[in-house]
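Every heavy atom of this structure was used, including side-chain atoms; hydrogens, water molecules and symmetry mates were not.
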Amino acid sequence: MNQVAQVFLPAVVVAALSFPTAGQAIDKTLTINYDSPVLVQKGNVSVSLADFVAYLDWRVPKDEQRGVLASPSRIEGILDAIVLTEAFMHRVQGTDALDEPNVQARIYQAAAREARNIYRERLTNELELDSYEKQAKELFMLDQERFTRRETIDFDHVLIAVDEDRDEVSAMRRAADAYDALIGGQSFAEVAASYSDDPGFPEHRGKFEGIDIETLVPSVAQAADTLEVGTFSVPIQSRFGWHIFRITSVNESGQMSWEEAQPIAERIARERHLSKAYERELRDINSAPMQFADGAVNTILDHYGIEGFGMSISESDDGTDAN
């Protein structure tokens, strides 16, 4: 079963800014039709595959979507969120709200903002080059100061968390036990596997490389500044819990090689190329002159109850100075 979705907004009446006749409706009618397989129905709300894709693209970055969809409960949660949102669309259509020009304009402006994003995405897809290596190499040769690396460290790390199941005192004792095991000669891999509460531990196994000290939590960064390479720190407390770490290597600052700089330079070259293309579109849009209707500014001021420029709200309301 497919769903054909229709969204219709009546013409928006903006009398004061109409051309050429005051009081004439401005034609900003928006009609959307799309044919897409229906996924769920709840009451008078139908959610199609297109609705699901649009919502997921809005809420979740492309590279994270497959991970989100690996869980049936997350898929159900997304469908529930879409149903709830669309239910309010049905409810507002059951009122006289859509007869109001300002409400119609709010919905139209929301669609226009999304249209801007869609157009920019399409422009990017059309103009993006298969490779930016040539432009990146030129950038690297002409602006080498941009491609310098800061001093970083490689380190081993164990986190003992404070949570609902473990209070601060219990966490401190557990951290002390982990520290004693490390000092006593037990391998880092064994201690980390037994004690670490870091949620990312299955991926990194407590080993980190090329980390800028300034990106660490303040208490850990302060300890790292004075810790000797190869020595385990005593347990250090932060808002995340208790940390034990050992610096395994210090990577000195200096000029990047082309191999190090290439991904950074290619990203900069790509952003510059696409930004220039978007700027050309903006110049084209802005090339047409702005034409003001007679009394346009006064219409705006009147709407907000402002009698003139430089006057406070309290002055326009009762004629007295708020000061």
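With rounding to the nearest 0.5 angstrom, the CG atom of L274 is 11.5 Å from the NZ atom of K276. The CZ atom of R116 sits 9.5 Å away from atom CG of L282, with the distance rounded to the nearest 0.5 Å. Atom CD of E214 sits about 4.0 Å away from atom CZ of R150, to the nearest 0.5 Å. Taken from CG in D156 to CZ in F245, the straight-line distance is 11.0 Å, to the nearest 0.5 Å.
With salt bridges taken as basic N to acidic carboxylate O contacts below 4.0 Å, one links K137 and E133.
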- Kindly determine whether R59 and I78 satisfy side-chain contact (heavy atoms from CB on, under 4.5 Å), including the steps that lead there. CA-CA 10 Å; R59 298 290 294 179; I78 293 170; over 6 Å; no
- Query: Can you check side chain to side chain donor-acceptor pair (under 3.5 Å) on H243 and S238, steps first, answer last?
  - Reply: CA-CA 8 Å; H243 306 259; S238 80; 2.6 Å; yes
- Message: side-chain contact (heavy atoms from CB on, under 4.5 Å) for D51 and Y34? Distances and angles first, verdict last.
- Response: CA-CA 10 Å; D51 297 321; Y34 54 93; 2.5 Å; yes
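The closest side-chain heavy-atom distance from Q237 to E168 is below 4.5 Å. Contact of the Y195 side chain with the L182 side chain is not registered, since no non-hydrogen atoms from C-beta on lie closer than 4.5 Å. Residues I82 and L39 are not in side-chain contact: their nearest non-hydrogen atoms beyond the backbone lie 4.5 Å or more apart. Side-chain contact between L139 and R272: present, with at least one pair of heavy atoms (C-beta onward) separated by less than 4.5 Å. Residues K207 and T248 fail the side-chain proximity criterion, which asks for heavy atoms closer than 4.5 Å.
Scanning all heavy atoms of the two residues, the minimum distance from A97 to V92 falls at CB-CG2, 3.8 Å.
Inspection of the N251 and T152 side chains reveals an N or O donor paired with an N or O acceptor under 3.5 Å. D302 and T299 share no donor-acceptor pair across their side chains, judged by distance under 3.5 Å alone.
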